[in-house]
Amino acid sequence: MKLATWNVNSLKIRLPQLLEWLPVEQPDVVCLQETKTENAGFPEVELQAAGYAALYSGQKTYNGVAILSRQAGAQPQAGIPGFADEQKRVLAATVGEVRVVCIYAPNGQAVDSDKYRYKLAWYEALTAWLKEELVCWPKLAVLGDFNIAPEDRDVCDPVAWAGQVLVSEPERAAFKQLQALGLADGFRLFEQAPKLYSWWDYRQLAFQKNQGLRIDHILLSPALASRAKACRIDKIARKRERPSDHAPVVVEVT
DNA sequence: ATGGCGCGCGCAGCGCGA
């Protein structure tokens with residue numbers, strides 16, 4: 001089984017690239033973030049024609065998440081139960097035996113801003129919810145844009161980024177809280193080359209200079225981590241014209 | 001010195017992302 005996550009930064013703009021990428025990569029499950037599409041305008045027909053069923057929780061202009069799967073997802077859950085939030089950032093569904101959780105974590109804007117405090121509160125609610133989910137679902141995967149670079153090796157220039165949003169210690173502590181639930185960073189289950197990132201700023205030729213961050217992740221419960229065969233970041237999509245600023249991350253489990 | 005780029009919205013230029 002191959003699972004992927006991709007922050008597409010507008011599904012409407014990126015749909016042609018997604019439809020080209022799906023038959024090349026042939027994932028069984030794809031979690032999308034920043035669809036920026038209301039549910040009424042979701043391209044369900046085009047994706048169905050490509051062989052994927054879709055579940056989605058979207059809104060106009062901002063945020064929006066979706067789960068595509070060859071086998072239709074069941075028991076969909078939008079949002080974190082008990083955490084009131086207008087922003088469409090979370091969608092969970094069951095595909096086969098796997099509970100798939102698609103997340104688009106808040107950016108946080110700047111350390112000590114209201115958005116930063118919202119980000120930390122959001123992570124706290126996410127962690128409490130996933131702790132319960134893990135009781136019900138031994139095979140659980142959390143895929144998405146976490147907006148956290150967990151370690152300095154996930155940052156192109158740790159000195160320049162030190163203390164800033166996406167790398168600050170409270171954010172990294174929030175990521176560690178997820179790992180403390182038993183969720184493994186799928187990417188780090190395998191030997192990886194240095195300086196591999198999943199996001200690059202559109203400005204100043206950041207991609208060409210590989211000035212990026214690894215902020216898109218796939219977390220795996222123990223039952224899935226023990227079955228993981230490979231995890232990689234697919235940079236090819238970022239090299240195209242009019243790319244998303246994020247690259248897909250893909251994991252294979254048996 | 002605080003923008004740069006790309007997106008949505010909507011038709012000018014701003015808010016937002018990371």
Q: Quick one: is B/dC7 close enough that its OP1 or OP2 comes under 4.0 Å of any side-chain N or O from A/R14?
A: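 So the side-chain polar atoms of A/R14 do come within 4.0 Å of the phosphate oxygens OP1 or OP2 of B/dC7, strictly under.
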
Q: Given Watson-Crick or G-U pairs with both distances under 3.5 Å, what dot-bracket string fits DNA chain B, with | for other-strand pairs and [ ] for crossing?
A: ....(((((...))))).

Q: Restricting to side-chain contact (heavy atoms from CB on, under 4.5 Å), what partner residues turn up for A/K131, sequence neighbours left out?
A: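 Testing A/K131 for side-chain contact (heavy atoms from CB on, under 4.5 Å), a comparison that skips the adjacent residues, returns A/L181.
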
Q: Please report the distance, rounded to the nearest Å, between CD in A/E241 and C1' in B/dC5.
A: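 Nearest whole value for this atom pair: 15 Å.
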
Q: Given a cutoff of under 4.5 Å between side-chain heavy atoms of I, L, V, M, F, W and Y, with clusters grown through shared members, what are the other residues clustered with A/V135?
A: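 None; A/V135 is a cluster of one.
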
Q: What pairs of donor and acceptor atoms, side-chain ones from residues 39-54 of chain A against any protein atom, are under 3.5 angstrom apart with sequence neighbours left out?
A:
| unit_1 | atom_1 | unit_2 | atom_2 | d |
| --- | --- | --- | --- | --- |
| A/N39 | OD1 | A/G58 | N | 2.8 |
| A/E44 | OE1 | A/Y56 | OH | 2.5 |
| A/Y52 | OH | A/P27 | O | 2.6 |

Q: Test question: given the 4.5 Å side-chain rule for I, L, V, M, F, W and Y, name all other residues clustered with A/V159, or answer none.
A: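 Reading the cluster by chain and number, A/V159 sits alone, since nothing else belongs.
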
Q: Looking only at atom C1', what distance separates B/dT2 and B/dA18, rounded to whole Å?
A: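 Taking atom C1' in both B/dT2 and B/dA18, they lie 15 Å apart.
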
Q: Measure CG/A/L205 against C1'/B/dG6 and give the value in whole Å, please.
A: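 Atom-to-atom, A/L205 to B/dG6, this comes out as 14 Å.
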
Q: Between A/L15 (CG) and B/dG8 (P), how many Å, whole number?
A: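 Distance check: A/L15 CG to B/dG8 P gives 12 Å.
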
Q: Can you tell me, in whole Å, how much space there is between the P of B/dG10 and that of B/dG15?
A: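 These two P atoms come out 15 Å apart once rounded.
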
Q: Other members of the hydrophobic cluster containing A/Y197, with the 4.5 Å side-chain heavy-atom rule, please.
A: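 Its cluster partners, ordered by chain and number, are A/W200, A/F207.
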
Q: Measure CD1/A/I13 against C1'/B/dC5 and give the value in whole Å, please.
A: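 So the two atoms are 14 Å apart, to the nearest Å.
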
Q: If I pick the C1' atom on B/dA1 and the same atom on B/dA12, what distance separates them, to the nearest angstrom?
A: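 B/dA12 and B/dA1 have their C1' atoms separated by 25 Å.
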
Q: Going by number, which of residues 148-163 of chain A have a non-hydrogen atom under 4.0 Å from DNA chain B?
A: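 The stretch gives none, as no residue of it lies under 4.0 Å from the strand.
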
Q: Apply side-chain contact (heavy atoms from CB on, under 4.5 Å) to A/D245 and list each qualifying residue two or more places apart in sequence or on a separate chain.
A: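 Counting only residues at least two positions away or on another chain, A/D245 forms a side-chain contact (heavy atoms from CB on, under 4.5 Å) with A/N9, A/W199, A/Y202, A/R238.
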
Q: Quick one: on DNA chain B, does A/P243 or A/L213 contact a more 5' nucleotide (nearest heavy atom)?
A: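 Here A/P243 is the residue nearer the 5' end.
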
Q: Under 3.5 Å between N/O atoms: give me all the protein pairs with nucleotides 10-17 of chain B, atom names plus distance.
A:
| unit_1 | atom_1 | unit_2 | atom_2 | d |
| --- | --- | --- | --- | --- |
| B/dG17 | OP2 | A/K115 | NZ | 3.4 |

Q: For A/W21, which residues count as a side-chain hydrogen bond (donor to acceptor under 3.5 Å, both in side chains) partner, sequence neighbours excluded?
A: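 With neighbours one apart ignored, the set is A/D234.
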
Q: To the nearest Å, how far apart are A/W199 CH2 and B/dC5 C1'?
A: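 It works out to 11 Å between those atoms.
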
Q: Can you name the side-chain hydrogen bond (donor to acceptor under 3.5 Å, both in side chains) partners of A/Y116, sequence neighbours left out?
A: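 A/S168.
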
Q: Nearest 0.5 Å please: distance from the NZ atom of A/K2 over to the CD atom of A/E252.
A: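 One gets 5.0 Å once the value is rounded to the nearest 0.5 Å.
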
Q: Measuring from the side chain of A/R242 (C-beta onward, heavy atoms only), which nucleotide among B/dC7, B/dG8, B/dA18 has the closest atom?
A: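 It is B/dC7.
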
Q: Would you please name every residue forming a side-chain hydrogen bond (donor to acceptor under 3.5 Å, both in side chains) with A/S244, sequence neighbours left out?
A: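 A/S244 satisfies side-chain hydrogen bond (donor to acceptor under 3.5 Å, both in side chains) with no other residue.
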
Q: Could you walk me through whether A/D145 and A/Q33 satisfy the side-chain hydrogen bond (donor to acceptor under 3.5 Å, both in side chains) test, starting with their C-alpha distance in whole Å, then the side-chain angles of each, then the deciding distance to 0.1 Å, before giving a yes or no?
A: CA-CA 7 Å; A/D145 177 356; A/Q33 302 85 36; over 6 Å; no

